[in-house]
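Within every chain, numbering begins at 1; the chains are lettered A, B, ... in the order of the sequence lines, protein sequences first and strands thereafter.
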Amino acid sequence: MSKKWFTDSKATTPTASAINNQMSFPWGNNVYEKTKTSSNNEEKQNETVYSNNPSSLHFNFALGNTWPDTSRLLLKRKLNNALVALSASQDLTQVIIAGRDVLRILRIPEWSIIEENHLRVRTNNRYCICDVKWGNGVTKNKIATATTIGAILIFDLENGRLKTELKEHRRAVNRICFQGPLLLSASHDGTMKLWDLRDPISAKFTFEGKSEGVRDAQFNALYQHDIAAAFENGTIQKWDIRKPNVYERKFNAHVGSVLAIDWHSEGRILASGGRDKAIKIWDMSQDIRKARDTILTMAGITRVQWRPDHPDEIASCAMMSDNRIFVWNLKRPYVSSYFFEEHRDVPTGFLWRDSDVLWSVSKDKSFIQQDIKISCQTLGLLSKSGIGWSAYDNIAFAIDNSNEMTDDQSRSLPYSSSQVRRAHRRISPSNFEASTLCQQKTGVASLPTFDHKSFSYLAENYKISEPDIWAACEHNSKVAWDAQRFRTAQTWKIVQLLYMTEANDTAKLENIQNVQSIPNENENVDNSIGNNKKSNKPIDLTEPNFENVIDEDESSDETEDSCEDEPHPKKYSISSSNLPKNTDQIVGFKSLVRTSWNKEPMMTQLLDYYSEQGDVQMCVTLVLVLGDELKFDQERIEQWFFSYIELLHRFQLWSAATAVIKFSKIPVVFEINQRSTTIYTTCNNCFRPLMNSTNCFWYCEKCQRLLNPCSICHLTVKGLYTWCQGCSHGGHLDHMQEWFGTNEYCPTGCGHLCSPKDYRI
Amino acid sequence: MTEFLFKELMLHEFLRNSVQKKKIKKKTSLMAVQAFESSHDDLIHDVSYDFYGKRLATCSSDQRVKVWEYSQENSCWEPVDTWKAHEGSVLKVSWAHPEFGQVIATCSFDRTVRIWEEQEHESRNSGKRWTEKAVLRESTGSVQDVEFAPNYMGLKFATCAADGMLRIYEALEVNNLAQWTLMEEISITTNTAGKESDGHYCLSWCPSRSTTPMIVIGCGKENCAKIFRQDSTNRWQAFEILEGHTNTVYDVSWAPSMGRAYHLIATASKDHNVRIFKLVDNKKDGFDIILAPELSDHSVEVWKVEWNVTGTILSSSGDDGRVRLWKCLLQSGEWKCMSTIYYDRQPESMEM
């Protein structure tokens, strides 16, 4: 059944004129000669290039690149009216296209169009063409058209005139189909008729589908007695023309009407397309009512056609909104293999000239011949991987490593059990082996870069509202130390010293030894400062020095990360190990602190360092602790706050977030807690909203009773009222606290387990 | 189920000095990788965590969307529900901020954007747990990206489609997910042919609060990305152009700024490179753009880039089937590949 007519094109069609000489047209109407003027040169050129390298046609795609010469791949002819159907001559050199007031024959030697013939329908507008077909075999010089009024017109190409008019259908003829002298017509009146064009007086047989209108009917190319018919009500029937009384098989194929069917050249398989947007593949040799394969598309399918020489590929076009012609591979039902998008309006008909070249007509009034090489490979537009980040620095991914695969369609097909099942039923499972090799993998990787446990611990334990900077820093340093954030702990120590106020210096410094007795690392900070003092130089805590400190504890931080599991981190030896142990140093240190330092460049550097790390927790806590002492770009401080609050929300640390908002001195941040602060209540007896503020909210005017008295003391609760979300009983906060300190069940005796001990924090 | 084996490589240049190098080498802690069977029938195109990082949504060419939840008991990801969401490949999935409920937007090759909301009363894996709240059909080409805006802007999302349009939708009443108003429709390209194969667009909102909302758009075949924001008359316009790509831009990602003095935008391109652009406010209503050296480790087309929540680590994935993680070295400011995730087909040939 190969339709490759041009494999020997070098020999037969060197130039257009040669074609003309070789193929003298039997109907010999010279009128049409004039149309082929301009295309001669182009054609010649194309011809040469094409035949030089015929093998380059196959699978030489590089998507998205511009094509060197599209004239060999794309051919357009604009006509003056919307087109509805096309049909090729038996030798596939000519095509007839039909539309409103259009019925033309185009001869297409390779990549040029020669307009041959304009069949004149005796145009009164009665004839609105639905379908056109070119005969084959003994009828190869006949063309049939189906019309909306139910007539079938047969034209004879020998004289280009209307030969016969078959008028038996009562309603529109939707589709016609030739097989040698036989013509099958499918009509909206619910019948199909079989005509013998050798004796076209009346229909030879009439097949009563006893369903609704017939949308499509096709002869099986291999088993010539078989016909398949598609019905408006969603059924498909199979008939044997030798038994014209009743169908052989009938099954429900689609929801809504079946609009198109096509037999596979191999004879057993039928494809159908319906208004339900599905293409279904049926094995007609068995009495199975379930489609073998289903392809779900975007729009109702008006035409389907198998691609020649590619037994698993089928092309389809849609009825609305989609101007594309898709080519699907049954092995990959979800992603089309290719699509053609040259048409500017909905395609109404197409057919394969050969396995790579497609002819199509459209409502956009044009006829197009295009090579599959200018089509778009859908897979090339789709990403084969995906990544997502969670707040915990977990990364979810889907990756695919199918680049080594050569076959386009089995590329990157994920492996699933259903795939195996299907593969056994394939027409040609040749590439199946390859497809199982390449699989898309999904997984989640947890990175050790963000430790949410210590983040939460710090968020909940940092002091942010302490007016005494020294005490706050002291506390926060300890907290950071507990969370094994040694660098952070050190930073707090530095800040503590920087922002020491004169008034309470002395007392504080008495304790400095205690401070030093805590961790080894902390000494490092004091140490570097102490060293400076020892040499009696003015304190120089500018960049290099600070950088040093940070660097060193940065390193300790790195080690911590990798040894998180250990209860106590290994002590990390620091370059200078002579520790300031004697009180001399401390005394000197005291005087040092008194001198006013230029804190700002240091703090800027410090905050920049932390914000660079994305550690907004540190930035915000510093801002909150230092308050007005800290001078920094207000806009960035706001960003820290918003980012930190968002992070706290991500970790569902609502109380910490609220505290941050509450103690913030920045108006835009503080405002967040001022929004939606009203809780609307209704009477729990009559469900009337309690609106009256004069009478307060604990008394319902309608019911004339107090609402929600305390379950313990039975008095109205003014002030904080807590209640159980389960049984809705409650009362004074302190009463409830007292009760649930010793009890688990509701104080009213309703039997609800309000506060199970197991769930208490 | 076949065995999954992932391996991870630590690049030691990333570390500071030789002393530490030794220390780390000893304790090279493999990052924990847990594979899970997606059971999608075709390629997965996007994976997205919800705000809290507790749930995961995947979307695939098999026209389905799945939502997953981590089960502490079985310590694995379990599907909450799977449903057929579109009539074509589902290309992206985006979660709305949880203050608006459990809401997902998906966009597809079928030219629509759909909004889904979880129905708590429907049982899990019934296929009905997520209901379609709205279908937006404005696009005449496949919708290639959808992303909800940062929540301070309200319930809003932006889409870009193969027809060359950026569209911004807003639910004016946040509790009515069926009503979406098309607030903006902006042409993002000079190419007007409107062919599917011509347009490959992607977008990313600026995640930080700023005086004016900003979006970066990857303009596919124009080989660049453009920053869109409102001008003085509140019209969305392209301002800065991120140039330097020699082929189609496949993905863009705007890093959370976390109060840094600059913004970072990463792009993935067909020209095999990952690029990181640094945007510094020039105090004249615009940005100075600094392009960091191209990251060419993938050596194949790079399809996705995505920043972590703090904007400190960039991930990228490409046709080589690898996810690479990039981190900025503190001292030099240079971006280095810090580790790679990939599936190893021959575990015996694994090298450390």
(request) Name the region of A/F326, side chain, backbone, both or neither, that has any atom closer than 4.5 Å to a heavy atom of chain B. (result) side chain
(request) Name the member of A/D393, A/V616, A/L382, A/L647 that forms the most heavy-atom pairs with chain B at distances under 4.5 Å. (result) A/L382
(request) Would you confirm whether A/S337, through its side chain, and A/W328, through its main-chain N or O, come within 3.5 Å as a donor-acceptor pair? (result) no
(message) At a heavy-atom distance under 4.5 Å, which candidate from A/A398, A/A391, A/A396 has the highest pair count against chain B?
(response) A/A396
(message) Please classify the contact between B/R64 and chain A as side chain, backbone, both or neither, with a heavy-atom cut-off of under 4.5 Å.
(response) side chain
(request) Using non-hydrogen atoms and a 4.5 Å limit, figure out which bit of B/A57 sits close to chain A: side chain, backbone, both or neither. (result) neither
(request) Return the option, out of B/K304, B/R260, B/H97, with the maximum number of heavy-atom pairs under 4.5 Å with chain A. (result) B/R260
(request) Measure distances from B/Y262 to the heavy atoms of chain A and classify the residue's part below 4.5 Å as side chain, backbone, both or neither. (result) side chain
(message) Is it the case that the ring center of A/W640 lies less than 6.0 angstrom away from the ring center of A/Y610?
(response) no
(request) Using a 4.5 Å cut-off on heavy atoms from C-beta on, say whether the side chain of B/H45 contacts that of B/V90. (result) no
(request) Just say parallel, tilted or perpendicular for the rings of B/W77 and B/Y70, cut-offs at 30° and 60°. (result) perpendicular
(message) Pairing donors with acceptors under 3.5 angstrom, does anything connect the side chains of B/K327 and A/T449?
(response) no
(message) Could you check whether B/D271 and B/S269, counting side-chain N and O atoms only, form a donor-acceptor pair closer than 3.5 Å?
(response) yes
(request) Take B/E87 and A/K277 through the salt bridge (charged side-chain N to carboxylate O under 4.0 Å, His left out) test and state the conclusion after the steps. (result) CA-CA 9 Å; B/E87 287 156 355; A/K277 306 178 182 179; 2.9 Å; yes
(request) Please state whether the side chain, the backbone, both or neither of B/L56 comes within less than 4.5 Å of a heavy atom of chain A. (result) side chain
(message) Under a 3.5 Å cutoff, is there a donor and acceptor pairing between the side chains of A/R487 and A/Y609?
(response) yes
(request) Side-chain contact test, heavy atoms from C-beta onward, threshold under 4.5 Å: evaluate it for B/S315 versus B/L325 and give yes or no. (result) yes
(request) Identify which part of B/T312 has an atom lying under 4.5 Å from any heavy atom of chain A, answering side chain, backbone, both or neither. (result) side chain
(request) Look at A/I637, A/D615, A/D322 and state which one has the largest set of heavy-atom pairs under 4.5 Å with chain B. (result) A/D322
(request) Verify the ring-centre separation between A/F450 and A/F651: is it less than 6.0 angstrom? (result) yes
(message) Is B/H200 in contact with chain A via its backbone, its side chain, both, or neither, using a 4.5 Å heavy-atom distance?
(response) side chain
(message) Could you tell me if B/S61 and B/D42 have a donor-acceptor pair between their side chains, going purely by distance under 3.5 Å?
(response) no
(request) Could you look at A/Y644 and say if it's the side chain, the backbone, both or neither that has a heavy atom under 4.5 Å from chain B? (result) neither
(message) At a heavy-atom distance under 4.5 Å, which candidate from B/V323, B/D110, B/D62 has the highest pair count against chain A?
(response) B/D62
(request) Under 4.5 Å heavy-atom distance to chain B, tell me which part of A/T297 shows up: side chain, backbone, both or neither. (result) backbone
(request) Select one option (side chain, backbone, both, neither) describing which atoms of B/T58 are under 4.5 Å from chain A's heavy atoms. (result) neither
(message) If we define contacts as heavy-atom pairs under 4.5 Å, which of A/S390, A/G386, A/G388 has the most with chain B?
(response) A/S390
(request) Against chain A, label B/K84 side chain, backbone, both or neither, depending on which of its atoms sit under 4.5 Å from a heavy atom there. (result) side chain
(message) So for B/S317, is it side chain, backbone, both, or neither that comes closer than 4.5 Å to the heavy atoms of chain A?
(response) both
(message) Taking the side chain as everything from C-beta on, heavy atoms only, tell me whether B/C76 gets closer than 4.5 Å to B/F36.
(response) no
(request) Using a cut-off of under 4.5 Å on heavy-atom pairs, state which of A/L296, A/N323, A/D608 scores highest against chain B. (result) A/L296
(request) Please flag which part of A/E638 lies under 4.5 Å from any non-hydrogen atom of chain B: side chain, backbone, both or neither. (result) neither
